[in-house]
*Asks:* 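Encoded as structure tokens, here's the structure I'll be asking about.
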Amino acid sequence: MVQKSDVVVIGDIFADMVSHIIGYPKNGDGTYGTPLQRYGGGTGGNVAAGLGVLNIATTMVSRLGNDETGRFLKQDLSTYGVDVSGIVLDPEASTGTVIITVDPQGERTIFVFNFEFGLRETESG
């Protein structure tokens with residue numbers, strides 16, 4: 001049975017991996033942080049989850065890799081009451097991952113990986 005939605009969200013879904021660190025290192029140095037915690041994220045995913053929390057009938061349309069992370073993100077969104085029938089798990093795609101570090105003052109630094117529409121490796125000329 002197809003759910004009637006009041007809102008359809010078309011957009012990105014990422015796995016957010018968050019660590020609280022003791023401080024940012026200088027170039028070439030390292031730092032220590034808490035174990036990574038995984039959350040659903042991405043602009044589209046966050047909007048859809050928020051609408052689901054507000055009990056607004058929402059369908060998410062996106063494409064994820066048919067990998068453990070993609071399946072996790074699809075399942076995670078469904079726990080917010082979002083209709084995930086519009087999320088395609090594509091065996092040819094990689095699911096995007098975001099690493100977020102948070103310093104003691106609460107400032108975040110965000111690194112995005114496997115973003116299909118972002119920077120691509122260029123050929124040497």
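Being a predicted model, the structure only gives us computed values, none of them experimental.
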*Asks:* So, for Gly23 and Pro104, which heavy atoms are closest and what is the spacing to 0.1 Å?
*Replies:* N-CD, 4.3 Å

*Asks:* Got a donor-acceptor contact below 3.5 angstrom from the Thr69 side chain to the Thr95 backbone?
*Replies:* no

*Asks:* Check this for me: does any side-chain nitrogen of one of Glu68 and Arg38 sit under 4.0 Å from a carboxylate oxygen of the other?
*Replies:* yes

*Asks:* Pick out which of Thr58, Leu51, Val53 makes a side chain to side chain contact (heavy atoms under 4.5 Å, CB included) with Tyr80.
*Replies:* Val53

*Asks:* Do Val112 and Val102 belong to the same hydrophobic cluster, where Ile, Leu, Val, Met, Phe, Trp and Tyr are linked whenever their side-chain heavy atoms lie under 4.5 Å apart, directly or via other members?
*Replies:* yes

*Asks:* Does a side-chain heavy-atom distance below 4.5 Å link Val82 with Thr59?
*Replies:* no

*Asks:* Return the CD1 to CD1 distance between Ile100 and Ile110, rounded to the nearest 0.5 Å.
*Replies:* 5.0 Å

*Asks:* Starting from Phe113, can I reach Leu36 by hopping between I/L/V/M/F/W/Y residues whose side chains sit under 4.5 Å apart?
*Replies:* yes

*Asks:* Identify the heavy atoms of Lys74 and Leu64 that sit nearest to each other, and give their distance.
*Replies:* N-CD1, 4.3 Å

*Asks:* Can you name the closest pair of heavy atoms from Met60 and Ala48 and give their distance?
*Replies:* SD-CB, 3.7 Å

*Asks:* Would a single hydrophobic cluster contain both Ile13 and Ile10, if residues Ile, Leu, Val, Met, Phe, Trp and Tyr are joined by side-chain heavy-atom contacts under 4.5 Å?
*Replies:* no

*Asks:* Which heavy atom of Ser62 sits nearest to which heavy atom of Gly11, and what is that distance?
*Replies:* OG-O, 2.7 Å

*Asks:* Output yes when a side-chain donor or acceptor of Asp29 lies under 3.5 Å from a complementary backbone atom of Pro25, and no otherwise.
*Replies:* no

*Asks:* What's the spacing between Asp16 CG and Gln37 CD if we round to 0.5 Å?
*Replies:* 12.0 Å

*Asks:* For Asp12 and Gly42, indicate whether the former's side chain and the latter's backbone hold a donor-acceptor pair under 3.5 Å.
*Replies:* no

*Asks:* Would you give the length of the straight line joining atom CG of Asp83 to atom OG of Ser78, rounded to the nearest 0.5 angstrom?
*Replies:* 10.0 Å

*Asks:* Does the side chain to side chain contact (heavy atoms under 4.5 Å, CB included) test come out yes or no for Val98 and Met17, once each step is laid out?
*Replies:* CA-CA 6 Å; Val98 176; Met17 304 295 292; over 6 Å; no

*Asks:* Do Thr101 and Tyr24 have a side chain donor and acceptor closer than 3.5 Å?
*Replies:* yes

*Asks:* Should Leu73 and Val61 be regarded as members of a common hydrophobic cluster, given that ILVMFWY residues are connected when their side-chain heavy atoms come within less than 4.5 Å of each other, either directly or indirectly?
*Replies:* no

*Asks:* Is there side-chain contact between Val18 and Tyr39, with at least one heavy-atom pair below 4.5 Å?
*Replies:* yes

*Asks:* Within this structure, what is the CG-CZ distance for the pair Asp90 and Arg63, rounded to the nearest 0.5 Å?
*Replies:* 5.0 Å

*Asks:* Are Val8 and Val47 linked, directly or through other ILVMFWY residues, by side chains that come within less than 4.5 angstrom of each other?
*Replies:* no

*Asks:* With sequence neighbours left out, write down each residue that passes side-chain hydrogen bond (donor to acceptor under 3.5 Å, both in side chains) with Asp103, or none if nothing qualifies.
*Replies:* none

*Asks:* Under 3.5 Å, is there a donor-acceptor pair between the side chain of Thr34 and the main chain of His20?
*Replies:* yes

